[in-house]
Amino acid sequence: MGQHHHGHGQGQHEHGHGHHDHTDIDWAELAEHLEGQAELFAPLNRQAAAWVAERQPEPGLVVDVGSGPGVVSCLLADEFPGARVVALDGSGPLLERARARAERLGIADRFGTLEAELPDGLGDLEYPADLIWASRSLHHLGDQRAALAAFAERLAPGGTLAIVEGGLPSRFLPRDVGIGRPGLQSRIDAAEDLWFTEMRAALPGSVPETEDWPGLLTAVGLRDATSRTFLLDIPAPVPEAARAYALASFQRGRGLLADFLDASDLSTIDRLLDPDDKSSLHHRTDLFVLAAHTVHVARS
């Protein structure tokens, strides 16, 4: 529901990035969910890609690391019409969706996929990349500094690494929603911070790291590190895709954060998710989507 647990750069969901158990996942349902979110976030990602393009205007090879179903990979192909784009992910079913999307958009001739675990799978790339885009995939890796070093190693001379990490927790509702205690989303953010800390600590080979992304990019030998934040602002009344995104975010938060929230907040969330409740997200006219993603770039 906030800034952390959203892999694949597409919006806000994680499906595994190669080191979780993939066996119990309904890939078709998840892919649809990820695609819907990514399409919702397309205006934000287009702005971010255009900003990166000012620094790396004509890359020959662009690699989207943790690409999921390839919505952003295809957007990068659109932003960089002269580039070959490779979508790299640990999930074969999601990469099939990426290939199908590239076919539909008529860019299959310069679009490839690579099923690989991170960060070692970067070594399977045939050529160094002129641009590596890694959106919310890094924080699923135990040793983030080592992973950044692996990313940096795969850059061509003068190449650019762009990572999407941090930003602000997404907002969907006013502070007082008329049910439960005011300030629900702030308490959800606090719960998510606790959850995220536990998730990071449980990763294989987890190393605590100060989340100074420009500092870390510099520490692995890259230059000219800088950051910029991009906004997705969908005011009320929202289109159905935005309502679906809000519902999915609260649904997922309800599952993940049950141990971190008190009974009254969980009961409020249940009402917000109940299609028969007039105060729910299904019916509210005050629902909006306000999200901020931060992109950190540096070059080799």
Side-chain angles (χ1 to χ4, degrees), residues 1-15 20 29-30 33-34 36-38 40-41 43-44 135-136 139-140 164-203 208 210-211 229-294:
M1 272 188 269
Q3 74 269 45
H4 295 308
H5 52 257
H6 326 303
H8 292 303
Q10 311 299 11
Q12 313 214 350
H13 205 111
E14 86 189 55
H15 74 254
H20 299 300
E29 188 184 317
L30 181 54
H33 174 62
L34 286 171
Q37 290 185 349
L40 192 70
F41 273 73
L44 180 155
S135 182
R136 304 194 171 209
H139 66 237
H140 296 286
V164 185
E165 291 289 347
L168 295 172
S170 295
R171 281 282 175 271
F172 302 98
L173 293 166
R175 188 189 66 89
D176 190 336
V177 296
I179 55 173
R181 285 184 296 145
L184 174 66
Q185 284 208 260
S186 299
R187 293 190 295 281
I188 288 170
D189 295 341
E192 191 180 16
D193 274 334
L194 293 171
W195 174 87
F196 185 80
T197 301
E198 289 194 3
M199 182 277 290
R200 286 265 335 132
L203 290 174
T210 303
E211 291 169 4
T229 298
F230 298 89
L231 200 64
L232 180 71
D233 182 6
I234 304 175
V238 296
E240 275 315 298
R243 193 176 294 275
Y245 167 57
L247 280 161
S249 296
F250 274 86
Q251 189 80 55
R252 186 166 184 282
R254 176 66 175 84
L256 283 180
L257 306 176
D259 294 343
F260 299 95
L261 290 165
D262 68 23
S264 68
D265 282 343
L266 290 173
S267 137
T268 303
I269 294 172
D270 288 338
R271 284 193 65 185
L272 288 171
L273 290 169
D274 180 0
D276 296 326
D277 193 316
K278 287 295 170 214
S279 298
S280 78
L281 297 172
H282 296 269
H283 306 289
R284 300 189 75 95
T285 55
D286 58 357
L287 178 67
F288 58 89
V289 178
L290 187 61
H293 289 185
T294 303

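Every residue two or more places apart in sequence or in another chain that forms a side chain to side chain donor-acceptor pair (under 3.5 Å) with D270 is listed here: R254. Residues passing the side chain to side chain donor-acceptor pair (under 3.5 Å) test with T229 are T294, sequence neighbours excluded. Every residue two or more places apart in sequence or in another chain was checked for a side chain to side chain donor-acceptor pair (under 3.5 Å) with T268, and none qualifies. Listed by chain and residue number, nothing satisfies the salt bridge (Lys or Arg N to Asp or Glu O under 4.0 Å) test with D274 (two or more places apart in sequence, or in another chain). With sequence neighbours left out, the side chain to side chain contact (heavy atoms under 4.5 Å, CB included) criterion links D286 to L173, P174, R284. Every residue two or more places apart in sequence or in another chain was checked for a side chain to side chain contact (heavy atoms under 4.5 Å, CB included) with P237, and none qualifies. With sequence neighbours excluded, the residues that form a salt bridge (Lys or Arg N to Asp or Glu O under 4.0 Å) with D277 are R271.
Contact between S186 and R171 at its shortest, heavy atoms only, is OG-NH2, 3.9 Å. The two residues A242 and V289 come nearest to each other via the heavy atoms CB-CG2, 3.9 Å. L44 approaches F230 most closely through the heavy-atom pair CD1-O, 3.4 Å. The heavy-atom pair separating F250 from I188 by the smallest distance is CE2-CD1, 3.9 Å. The minimum heavy-atom distance linking D176 with G178 is given by the pair OD1-N, 2.9 Å. Summarising the geometry of H140 relative to R136, their closest heavy-atom pair is CD2-O, 3.3 Å, with the distance given to 0.1 Å.
The aromatic rings of H139 and F196 lie perpendicular to each other, with more than 60° between the two planes, well past the 30° mark.
V177 places none of its side-chain heavy atoms less than 4.5 Å from the side chain of S279.
Here H33 contributes atom NE2 and Q251 contributes atom CD; the two are 10.0 Å apart, rounded to the nearest 0.5 Å. One finds the OG atom of S267 at 8.0 Å from the CD1 atom of I179 (value rounded to the nearest 0.5 Å). For the atom pair CD of E240 and OH of Y245, the computed distance is 16.0 Å after rounding to the nearest 0.5 Å. Here the straight-line distance linking atom OG of S135 with atom CZ of F41 works out to 9.5 Å at 0.5 Å rounding.
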Please tabulate, for the side chains in residues 256-265, all donor-acceptor contacts under 3.5 angstrom to protein atoms that are two or more places apart in sequence or on a different chain.
unit_1: D262; atom_1: OD1; unit_2: S264; atom_2: N; d: 3.2
unit_1: D262; atom_1: OD1; unit_2: S264; atom_2: OG; d: 2.9
unit_1: D262; atom_1: OD1; unit_2: D265; atom_2: N; d: 2.9
unit_1: D262; atom_1: OD2; unit_2: R181; atom_2: NH2; d: 2.8
unit_1: D265; atom_1: OD1; unit_2: R187; atom_2: NE; d: 3.4
unit_1: D265; atom_1: OD1; unit_2: R187; atom_2: NH2; d: 2.9
unit_1: D265; atom_1: OD2; unit_2: R181; atom_2: NH2; d: 3.4
unit_1: D265; atom_1: OD2; unit_2: R187; atom_2: NE; d: 2.6

message: Before you tell me yes or no, could you show the steps for V238 and F172 under side chain to side chain contact (heavy atoms under 4.5 Å, CB included), namely the whole-Å CA-CA distance, both residues' side-chain angles and the distance that decides it to 0.1 Å?
response: CA-CA 10 Å; V238 296; F172 302 98; over 6 Å; no
